[in-house]
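Residues: numbered from 1 along the sequence shown. Everything numeric in this text was worked out from a predicted model, so none of it was measured.
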Amino acid sequence: MSIASAVAVDGGDLTIGEGLLSLLRPALACADVGAVVALASRDPALRDDLPRWCRFEHHEYLSRETRADGADVHLLRRGRYPEFIGNAERSSHLAPHADGRVTSADLLKLVPFPESAPQTSGFAPRGAQVEVG
């Protein structure tokens, strides 16, 4: 089965706990509801972790294929929830390269990481609502 993706992300060796979601969540935020996101990863634990995370986050896990270089390509369809609340994500538009791909560097250009976390709010993942104080 061949499915075209709206956004492609290369997660490298990152696990969910080591920062993969800091690449995947902005990609999902920039994709329309129902769009397909392709995630390339060398982390074999994602074979179990990513389908579970998708169910938890109300996205649809579509499939996994292993490339010739050993990396897995996971396809997931963006669900309606959770709604991403960042103004930068809400107003961003990704323009694919000539080959149709969008890289994690493209995502970070649209919504860059801050140099440091504000001392008043502490660290919070992108898209999370931070309680006052």
Side-chain angles (χ1 to χ4, degrees):
M1 176 167 70
S2 178
I3 299 175
S5 66
V7 178
V9 176
D10 185 352
D13 295 325
L14 291 173
T15 67
I16 283 181
E18 293 174 330
L20 178 69
L21 296 180
S22 68
L23 296 176
L24 185 55
R25 281 194 167 125
L28 288 164
C30 292
D32 293 330
V33 172
V36 175
V37 173
L39 170 66
S41 172
R42 294 189 174 281
D43 176 24
L46 280 185
R47 294 174 182 174
D48 292 324
D49 293 347
L50 195 56
R52 290 181 180 122
W53 180 83
C54 285
R55 281 193 303 274
F56 180 75
E57 293 288 319
H58 305 283
H59 302 298
E60 180 183 1
Y61 185 84
L62 299 173
S63 66
R64 173 186 57 86
E65 293 182 18
T66 303
R67 297 188 313 208
D69 66 359
D72 289 330
V73 176
H74 303 269
L75 296 179
L76 50 135
R77 187 178 316 277
R78 185 199 191 279
R80 174 172 282 145
Y81 303 104
E83 289 295 327
F84 297 95
I85 59 169
N87 288 332
E89 288 93 343
R90 189 175 294 123
S91 63
S92 298
H93 176 71
L94 287 172
H97 295 268
D99 62 2
R101 293 182 335 124
V102 176
T103 66
S104 55
D106 298 326
L107 294 171
L108 293 173
K109 283 180 192 172
L110 288 175
V111 188
F113 284 110
E115 290 298 317
S116 62
Q119 292 183 353
T120 57
S121 66
F123 173 78
R126 180 174 288 157
Q129 286 187 320
V130 179
E131 295 180 35
V132 177

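Contact of the His74 side chain with the Tyr61 side chain is registered, since non-hydrogen atoms from C-beta on lie closer than 4.5 Å.
Residues satisfying the salt bridge (charged side-chain N to carboxylate O under 4.0 Å, His left out) criterion with Arg42, sequence neighbours excluded, are Asp69. Take Asp72 and apply the salt bridge (charged side-chain N to carboxylate O under 4.0 Å, His left out) test, not counting sequence neighbours, and it matches Arg47, Arg64. Taking Leu14 as the reference, Glu18, Leu20, Leu23 meet the side chain to side chain contact (heavy atoms under 4.5 Å, CB included) condition, with sequence neighbours excluded. For the salt bridge (charged side-chain N to carboxylate O under 4.0 Å, His left out) test, no residue two or more places apart in sequence or in another chain qualifies with Asp48.
Residue pairs meeting the ring pair (Phe, Tyr, Trp, His ring centres under 6.0 Å) criterion with at least one member in residues 8-56, sequence neighbours excluded, are Trp53-His59. Applying the ring pair (Phe, Tyr, Trp, His ring centres under 6.0 Å) definition to pairs two or more places apart or across chains, none involves residues 9-32.
We find the CZ-CG distance between Arg77 and Leu28 to be 12.5 Å, quoted to the nearest 0.5 Å. Expressed to the nearest 0.5 Å, how far CG of Leu24 lies from CD of Glu57 amounts to 9.5 Å.
Under the side-chain contact (heavy atoms from CB on, under 4.5 Å) test applied with Leu39, the options Val7, Leu46, Leu75 reduce to a single match, Leu46. Test Ile16, Thr15, Asp13 against Asp43 for side-chain contact (heavy atoms from CB on, under 4.5 Å) and you get one pass: Thr15.
Counting only distance, with no hydrogens or angles, the side chain of Arg78 and the backbone of Ala35 share no donor-acceptor pair below 3.5 Å.
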